[in-house]
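To start, the structure itself, in structure tokens.
Values below: every heavy atom of this structure, side chains too, minus hydrogens, waters and symmetry copies.
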Amino acid sequence: MFIFSNGQTNFKWEKTDSVAKTKAQIYSDTKMFIAEYWKSAQNVIQNDDKESGTILIKGTSIMKEYVMNGEYVYIYNYTVTFRMKNNKYRINIDNVYCESAYMTGSKYSITKIEPFDGDNCPKTGTFSAPGIPKKKAIPMMAKFKQDLQSIVDSYEEYIKKPSVSNSDW
């Protein structure tokens with residue numbers, strides 16, 4: 001479920017569901033998912049508490065848009081929290097924000113575009129800090145939201161498969 005708010009955290013995804021697995025199986029499968037999805041679990045895991053059934057990661061997405069005068073790069077950070085107990089899991093994505101923005105090959109900063117919903121695009125540039133036009137920012141943000149939704153969808157698909165600890169290799 002996607003939630004949009006006008007507070008400090010603009011995007012929030014939350015998915016809670018049941019699965020026929022023990023807490024230990026969900027934990028093990030979640031660790032495998034993180035390692036496969038982010039390629040380097042050690043670089044993204046910030047908190048790993050097996051006993052409480054919580055894993056917290058910090059992720060980064062890079063969004064690029066091309067405009068006539070160059071390539072604009074927006075770096076977004078987010079937090080993903082996985083919670084688990086017997087027969088139940090929850091994934092939550094929040095604390096989404098624009099960490100930095102720059103134009104390739106330029107020494108000047110550009111306007112950060114904080115997450116927004118729909119056509120409610122904030123000002124994307126000024127004379128002193130340019131940015132991409134709104135007509136490019138809106139589809140960029142839609143793509144970014146799809147990327148975050150993909151994390152939730154991929155996790156749900158992964159966690160519902162038979163547990164790796166049950167495999168008979």
Side-chain angles (χ1 to χ4, degrees), residues 1-19 26 30 33-41 43-47 53-85 88-106 108-160:
M1 171 172 72
F2 165 70
I3 302 165
F4 177 76
S5 69
N6 290 326
Q8 188 139 349
T9 302
N10 292 330
F11 289 158
K12 181 177 181 177
W13 276 258
E14 189 172 286
K15 172 78 177 181
T16 304
D17 206 351
S18 298
V19 64
I26 297 170
T30 299
F33 170 78
I34 292 168
E36 290 178 21
Y37 194 90
W38 281 277
K39 308 298 183 229
S40 178
N43 291 336
V44 295
I45 295 176
Q46 304 297 304
N47 184 18
T54 303
I55 302 172
L56 183 133
I57 70 152
K58 298 279 186 176
T60 300
S61 287
I62 299 172
M63 306 303 295
K64 297 179 180 182
E65 282 297 323
Y66 300 92
V67 183
M68 282 186 349
N69 60 344
E71 178 184 54
Y72 290 77
V73 180
Y74 298 88
I75 300 173
Y76 290 91
N77 290 342
Y78 55 88
T79 302
V80 183
T81 307
F82 299 93
R83 289 189 168 80
M84 58 224 60
K85 55 186 177 180
K88 203 167 201 172
Y89 69 89
R90 175 179 291 161
I91 178 174
N92 183 29
I93 301 175
D94 61 2
N95 298 320
V96 182
Y97 65 95
C98 187
E99 171 71 26
S100 63
Y102 61 91
M103 189 169 130
T104 303
S106 172
Y108 301 107
S109 64
I110 63 172
T111 301
K112 293 180 188 177
I113 300 175
E114 292 302 334
F116 62 90
D117 194 37
D119 294 338
N120 299 323
C121 182
K123 191 169 189 167
T124 61
T126 64
F127 180 74
S128 61
I132 61 174
K134 286 184 180 185
K135 69 180 181 179
K136 290 237 179 214
I138 292 169
M140 179 187 77
M141 195 56 55
K143 165 79 171 83
F144 179 49
K145 286 170 53 178
Q146 288 174 348
D147 290 352
L148 294 178
Q149 183 63 49
S150 174
I151 296 169
V152 175
D153 295 343
S154 297
Y155 178 66
E156 179 179 28
E157 182 182 322
Y158 193 95
I159 208 71
K160 289 189 174 187

Next on the checklist: Do Val96 and Phe144 make a side-chain contact, defined as non-hydrogen atoms from C-beta onward lying under 4.5 Å apart?
Outcome noted: yes

Sorted by chain and number, sequence neighbours left out, side chain to side chain contact (heavy atoms under 4.5 Å, CB included) with Glu156 holds for Lys15, Asp17, Tyr89, Lys160

Output for pair (Ser61 OG, Lys145 NZ), nearest 0.5 Å, gives 14.5 Å

Thr111 meets the side chain to side chain contact (heavy atoms under 4.5 Å, CB included) criterion, sequence neighbours left out, with Thr126, Ala129

When rounded to the nearest 0.5 Å, the distance separating CD1 of Ile55 from CD of Gln46 is 12.5 Å

Run the side-chain contact (heavy atoms from CB on, under 4.5 Å) check on Tyr158 and Ile34 step by step: do they pass?
CA-CA 10 Å; Tyr158 193 95; Ile34 292 168; over 6 Å; no

Here the ring pair (Phe, Tyr, Trp, His ring centres under 6.0 Å) pairs for residues 55-75, sequence neighbours left out, are none

Residue set satisfying side-chain hydrogen bond (donor to acceptor under 3.5 Å, both in side chains) with Tyr78, at least two apart, ordered chain then number -> Trp38

For Phe116 and Ala137 the tightest heavy-atom approach is CZ-O, 3.5 Å

Sorted by chain and residue number, the side chain to side chain contact (heavy atoms under 4.5 Å, CB included) partners of Thr104 (sequence neighbours excluded) come out as Glu71, Val73, Tyr102

Value for CD1 (Ile57) from CD1 (Ile151), rounded to nearest 0.5 Å, stands at 6.5 Å

- Would you find a donor on one side and an acceptor on the other, under 3.5 Å apart, between the side chain of Thr30 and the backbone of Ile26? yes

Is there a donor-acceptor contact under 3.5 Å linking the side chains of Tyr97 and Glu99?
yes

So salt bridge (Lys or Arg N to Asp or Glu O under 4.0 Å) across residues 130-139, not counting sequence neighbours, yields none

Value for CD (Glu65) from CD1 (Ile113), rounded to nearest 0.5 Å, stands at 8.5 Å

Between the OG1 atom in Thr60 and the CG atom in Asn77, the distance rounded to the nearest 0.5 Å is 4.0 Å

- Look at the side chain of Thr16 and the backbone N and O of Arg90, then say whether any donor-acceptor pair between them is shorter than 3.5 Å. no

Scanning both residues in full, the closest heavy-atom pair of Thr54 with Thr81 reads CG2-CG2, 4.1 Å

Test your reading of the model: is there a side-chain donor-acceptor pair from Glu114 to the backbone of Cys98, 3.5 Å cut-off? yes

Rounded to the nearest 0.5 angstrom, the OG1-NZ distance for Thr124 and Lys112 is 15.5 Å

Within a strict 4.5 Å, meaning less than it, do heavy atoms of the Val44 and Val80 side chains meet?
no

